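Reviewing the structure listed below.
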Protein chains: 2
Amino acid sequence: MSLKFVLLTLLDREPRTGYDLVRTFDTAVGYFWNASHQQVYRELGALADARLVKFKQIEQEDKPDKKVYSLSSSGQKALRLWLENPLKAQKNKDLLLVKLLNANSTNLSLMREELQRNIHDSEILQATYLEIEQRFYSARQLRSLPDNQVMIYAALRKGILSIEAHLAWLKEVDKLLGKTFKK
Amino acid sequence: MSLKFVLLTLLDREPRTGYDLVRTFDTAVGYFWNASHQQVYRELGALADARLVKFKQIEQEDKPDKKVYSLSSSGQKALRLWLENPLKAQKNKDLLLVKLLNANSTNLSLMREELQRNIHDSEILQATYLEIEQRFYSARQLRSLPDNQVMIYAALRKGILSIEAHLAWLKEVDKLLGKTFKK
DNA sequence: CTACTATATGCATCAAAGTGCATATAATCA
DNA sequence: TGATTATATGCACTTTGATGCATATAGTAG
């Protein structure tokens, strides 16, 4: 039920092809969602069957033909209805914590490797996000940011704040592990 | 493939019944995982079929009979193998952000209501977590915390740090929304 | 006496998500 | 000429998740 509303949201902002949608997950929307092309095409098919979206077949000479999808009026209605209803809280399942639950004095180095890897990856992602923020969302640029881009910026901010907290936690756990399980 | 390793992890720490496992999700492990009893029993059945767990049927007089599950040697091997392999990064999908992507000047109040609800719920959860920390994990209690409880505490810390960051972000977004879409 | 709660386990069905496989055009690279 | 990349779409299969239904014992609350 979720991907459905992601696609409706994106198509409401701007008509797109399935291919465009998939690429969107590789860039801006990728901060908080992703889906494989197979999932996207399947869901688009279902949405079209349910008449929530319509599409125009467009022939291209240099590239394969494509279908440009947009919301139908009942699609807009469905989206509006979804917006009006409160979200229910989502639980985030965390496999890293599951792994760490297995920590003991014999596998300490394994666990710390996993933590270090995680710290490393997180720092790289953090650097990437911060660079994007500096390059595209300076105080000056923010003042002239188009309205429909503001929540994309908010998504980036979410990524930045989450990673910061995650890194702080990782370092805390690394200390905790060392103190607890060193022989 | 995930619930499988959660169950193996929990059963490796201590043999349990399906019912015990479900209750674990309602308490400590609930910080970072949950599953319905139907899912748990099905997965336990699959694990038993695959000979990764074994169980003893135990008759009780005052309560219904139960099955106490524990890891088989191949279950332990499977768990160890999983621990040795790096986790792949998980993407957290965020429906709140999807909803906010739809923000515009006509639905501003709707969006702010959603944000306020989220702030309220998060503050309640935060208070709960902080209370648990104060009550069960004071500096004094931490010094005598059994080794196998340390990562449960880490899970709580993860919850606390995540919520703090989430709250900071929510308040940031609320300001951003106000600035952008007020008429 | 009836309802409800706690303990305890499970099946069946359907919706959603993930993965592998498949196809087609056109351009570029080696 | 053959390989790879970008564009573009989709089916089939499997796994996972969610929900409803079903059953059984025993204690407690009203």
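Naming: A, B, ... by sequence-line order, numbering from 1 per chain. This is a predicted model, so every value here is computed, not measured.
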**Asked** At under 4.0 Å between heavy atoms, what does B:Phe5 touch on the DNA or RNA strands: base, sugar-phosphate, or nothing?
**Response** nothing

**Interatomic distance where CD belongs to A:Gln90 and P belongs to C:dA16 [whole Å]** = 16 Å

**Asked** Over how many whole Å does the gap from A:Lys93 atom NZ to D:dG17 atom P extend?
**Response** 5 Å

**Prompt:** Hey, is B:Glu133 close enough to B:Arg157 for a salt bridge, meaning N to O under 4.0 Å?
**Reply:** yes

**Prompt:** Ion pair present between B:Lys175 and B:Glu172, side-chain N to carboxylate O less than 4.0 angstrom?
**Reply:** no

**Request:** Check the distance between D:dT9's P and A:Leu7's CG and give it to me in whole angstrom.
**Result:** 13 Å

**Complete:** Nearest-nucleotide check on DNA chain D, B:Ser36 vs B:Glu43; residue mapping nearer the 5' end is B:Glu43

**Asked** Hey, does the side-chain of A:Gln38 have a donor or acceptor N/O within less than 3.5 Å of a partner on the base of C:dG18?
**Response** no

**Asked** Going by an N to O cut-off under 4.0 Å, is there a salt bridge joining A:Glu131 and A:Arg135?
**Response** yes

**Asked** When the distance from CG of A:Asn34 to C1' of C:dT19 is rounded to whole Å, what number comes out?
**Response** 14 Å

**Prompt:** Among C:dT9, C:dA16, C:dT19, which nucleotide sits nearest the side chain of A:Met1?
**Reply:** C:dA16

**Message:** Both B:Pro64 and B:Lys88 contact DNA chain C. Which one's nearest nucleotide lies toward the 5' end?
**Reply:** B:Pro64

**Request:** Inspect the contact between A:Asp26 and A:Arg23 and indicate whether a charged nitrogen and a carboxylate oxygen are less than 4.0 angstrom apart.
**Result:** no

**Request:** Return the value, rounded to whole Å, for the distance between atom CZ of A:Arg23 and atom P of D:dT9.
**Result:** 10 Å

**Asked** Over how many whole Å does the gap from A:Lys67 atom NZ to D:dT9 atom P extend?
**Response** 8 Å

**Message:** Using the side-chain heavy atoms of A:Tyr19, tell me which of these nucleotides is nearest: D:dA6, D:dT19, D:dC13.
**Reply:** D:dA6

**Request:** May I have the distance from A:Leu44 (atom CG) to D:dT9 (atom C1'), rounded to whole angstrom?
**Result:** 10 Å

**Asked** Between A:Glu43 and A:Lys4, is the closest basic N to carboxylate O distance under 4.0 Å?
**Response** no

**Message:** Ring centroids only, cut at 6.0 angstrom: are A:Tyr31 and A:Tyr129 within range, meaning strictly under it?
**Reply:** yes

**Evaluation steps, side chain to side chain donor-acceptor pair (under 3.5 Å), between B:Ser73 and B:Gln76** = CA-CA 5 Å; B:Ser73 57; B:Gln76 286 173 337; over 6 Å; no

**B:His37 side chain, from C-beta outward: closest of C:dA8, D:dT9, C:dG10** = C:dG10

**Request:** With a 4.0 Å heavy-atom cut-off, tell me which residues in residues 53-63 of chain A come close to DNA chain C, sorted by residue number.
**Result:** A:Glu61, A:Asp62

**Request:** Could you tell me whether B:Lys4 contacts a base, only the sugar-phosphate backbone, or nothing, with contacts defined as non-hydrogen atoms closer than 4.0 Å?
**Result:** nothing

**Asked** Between atom NZ in B:Lys66 and atom P in D:dA26, what is the gap in whole Å?
**Response** 15 Å

